[in-house]
Amino acid sequence: MPQLRIGLGYDVHKFTEGKPLRLGGITIPHEKGLEGHSDADVLLHAICDALLGAAGLPDIGYFFPPSDPAYKGIDSRELLREVKSHIDQAGWHIVNIDTVLIAQKPRLSAFYTPIREEIGRILGIESERIGLKSTTPERMGALGREEGIAAYAVALLERTSLQ
């Protein structure tokens, strides 16, 4: 019987002037980007935490502490590649990932295909195994006031070897 584990990830960043908006490893046209120590890609950060959690490993902050200048401005695709390496070494295989972006603006549905393709390319899995949805917070709270973007991710892993 296969051993399966589920992990949940969440991230949120506020908007800032003068930075590009990066989501799922691609640049999204928008007048503001997200503030953070790295490129602040909330979607990739949530996926990292979901994968790490499913593998029983520490969270993204453990591997890439914001206090470490080596990660200042880093492309989050590099973080996701390293997370994939950690879960591979721990003996896990990605079955699927499902995600939700929460943003009042910008509208994101036009970017689903390139985001899924980029994530699949980084992780070495078919884009069909990556779910991506977005919703608005109906103008409620900080996200509804267009102050930032949040993301949730769930990952299902299967044991590939005994560790």
Side-chain angles (χ1 to χ4, degrees), residues 7-55 59-61 63-66 68-88 92-138 142-157:
L8 173 66
Y10 171 79
D11 196 28
V12 62
H13 286 276
K14 67 181 181 176
F15 281 121
T16 188
E17 301 285 341
K19 283 185 72 176
L21 177 58
R22 300 281 296 173
L23 294 173
I26 69 167
T27 300
I28 306 292
H30 192 59
E31 64 270 9
K32 294 179 181 177
L34 296 171
E35 184 177 301
H37 186 67
S38 67
D39 65 0
D41 188 326
V42 294
L43 183 58
L44 294 188
H45 295 179
I47 291 170
C48 285
D49 266 341
L51 291 168
L52 291 166
D59 68 10
I60 191 172
F63 289 102
F64 317 107
D68 187 336
Y71 302 113
K72 178 74 175 156
I74 194 168
D75 185 329
S76 293
R77 293 177 295 185
E78 293 302 316
L79 305 181
L80 185 56
R81 282 184 190 95
E82 191 167 328
V83 165
K84 172 71 162 70
S85 176
H86 286 297
I87 66 168
D88 288 347
W92 295 97
H93 167 76
I94 300 169
V95 176
N96 77 301
I97 296 168
D98 194 27
T99 64
V100 179
L101 285 161
I102 301 110
Q104 194 65 46
K105 285 187 181 171
R107 291 291 206 204
L108 298 168
S109 60
F111 303 99
Y112 289 176
T113 298
I115 289 172
R116 290 174 58 233
E117 288 173 351
E118 181 65 6
I119 294 167
R121 187 185 65 71
I122 295 164
L123 295 174
I125 63 174
E126 301 84 5
S127 62
E128 294 77 22
R129 292 171 37 201
I130 302 162
L132 176 59
K133 299 157 300 297
S134 60
T135 188
T136 69
E138 302 294 333
L143 298 176
R145 291 187 300 272
E146 302 176 30
E147 294 177 23
I149 297 179
Y152 286 95
V154 177
L156 177 62
L157 302 183

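Numbers here simply count residues along the sequence, with the first being 1.
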Item checked: Any residue meeting side chain to side chain contact (heavy atoms under 4.5 Å, CB included) with Thr27, in chain and number order, not counting sequence neighbours ->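 Pro20, Arg22.
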
Notebook entry, point to check: Can you name the residues that form a side chain to side chain contact (heavy atoms under 4.5 Å, CB included) with Lys32, not counting sequence neighbours?
Noted result: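 Lys32: side chain to side chain contact (heavy atoms under 4.5 Å, CB included) contacts with Phe15, Glu17, His30.
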
Find out whether [X] and [Y] are in side-chain contact, i.e. whether some heavy atom of one side chain is under 4.5 Å from a heavy atom of the other.
X: Lys84; Y: Leu51; value: no
X: Asp49; Y: Val83; value: no
X: Asp59; Y: His45; value: no
X: Phe63; Y: Leu79; value: no
X: Leu108; Y: Ile115; value: no

Whether the side chain of [X] engages the backbone of [Y] through a donor-acceptor N/O pair (distance < 3.5 Å, no angle test) should be reported.
X: His37; Y: Asp68; answer: yes
X: Lys14; Y: Gly148; answer: no
X: Arg129; Y: Val95; answer: yes

Hey, what do you get for [atom1] ([X]) to [atom2] ([Y]), rounding to the nearest 0.5 Å?
X: Tyr71; Y: Ile60; atom1: OH; atom2: CD1; result: 10.0 Å
X: Leu143; Y: Thr135; atom1: CG; atom2: OG1; result: 11.0 Å
X: Asp41; Y: Leu21; atom1: CG; atom2: CG; result: 8.5 Å
X: Ile125; Y: Ile94; atom1: CD1; atom2: CD1; result: 5.0 Å
X: Asp11; Y: Tyr152; atom1: CG; atom2: OH; result: 11.0 Å
X: Leu43; Y: Leu23; atom1: CG; atom2: CG; result: 6.5 Å

Determine the minimum heavy-atom distance between [X] and [Y], stating which atoms define it.
X: Leu157; Y: Ala55; result: CD1-N, 3.6 Å
X: Ala50; Y: Ala153; result: CB-O, 3.5 Å
X: Ala151; Y: Ala46; result: O-CB, 3.7 Å
X: Arg77; Y: Arg121; result: NH1-NH2, 4.4 Å
X: Ile26; Y: Glu118; result: CG2-CB, 4.1 Å
X: Ala54; Y: Gly7; result: CB-N, 3.4 Å

Next item on the list: Using the side-chain contact (heavy atoms from CB on, under 4.5 Å) rule, take Asp98 and Lys133 through it: C-alpha gap first, then chi angles, then the decisive distance, then the call.
Entry: CA-CA 8 Å; Asp98 194 27; Lys133 299 157 300 297; 2.5 Å; yes

Next item on the list: Evaluate the side-chain contact (heavy atoms from CB on, under 4.5 Å) criterion for residues Leu123 and Ile97: first the C-alpha distance (whole Å), next the side-chain angles of each, then the deciding distance (0.1 Å), finally the verdict.
Entry: CA-CA 11 Å; Leu123 295 174; Ile97 296 168; 3.4 Å; yes

Next item on the list: Could you note down all residue pairs passing side chain to side chain donor-acceptor pair (under 3.5 Å) where residues 99-114 supplies at least one of them, sequence neighbours left out?
Entry: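 Every pair satisfying side chain to side chain donor-acceptor pair (under 3.5 Å) with a residue in residues 99-114: Tyr112-Ser134.
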
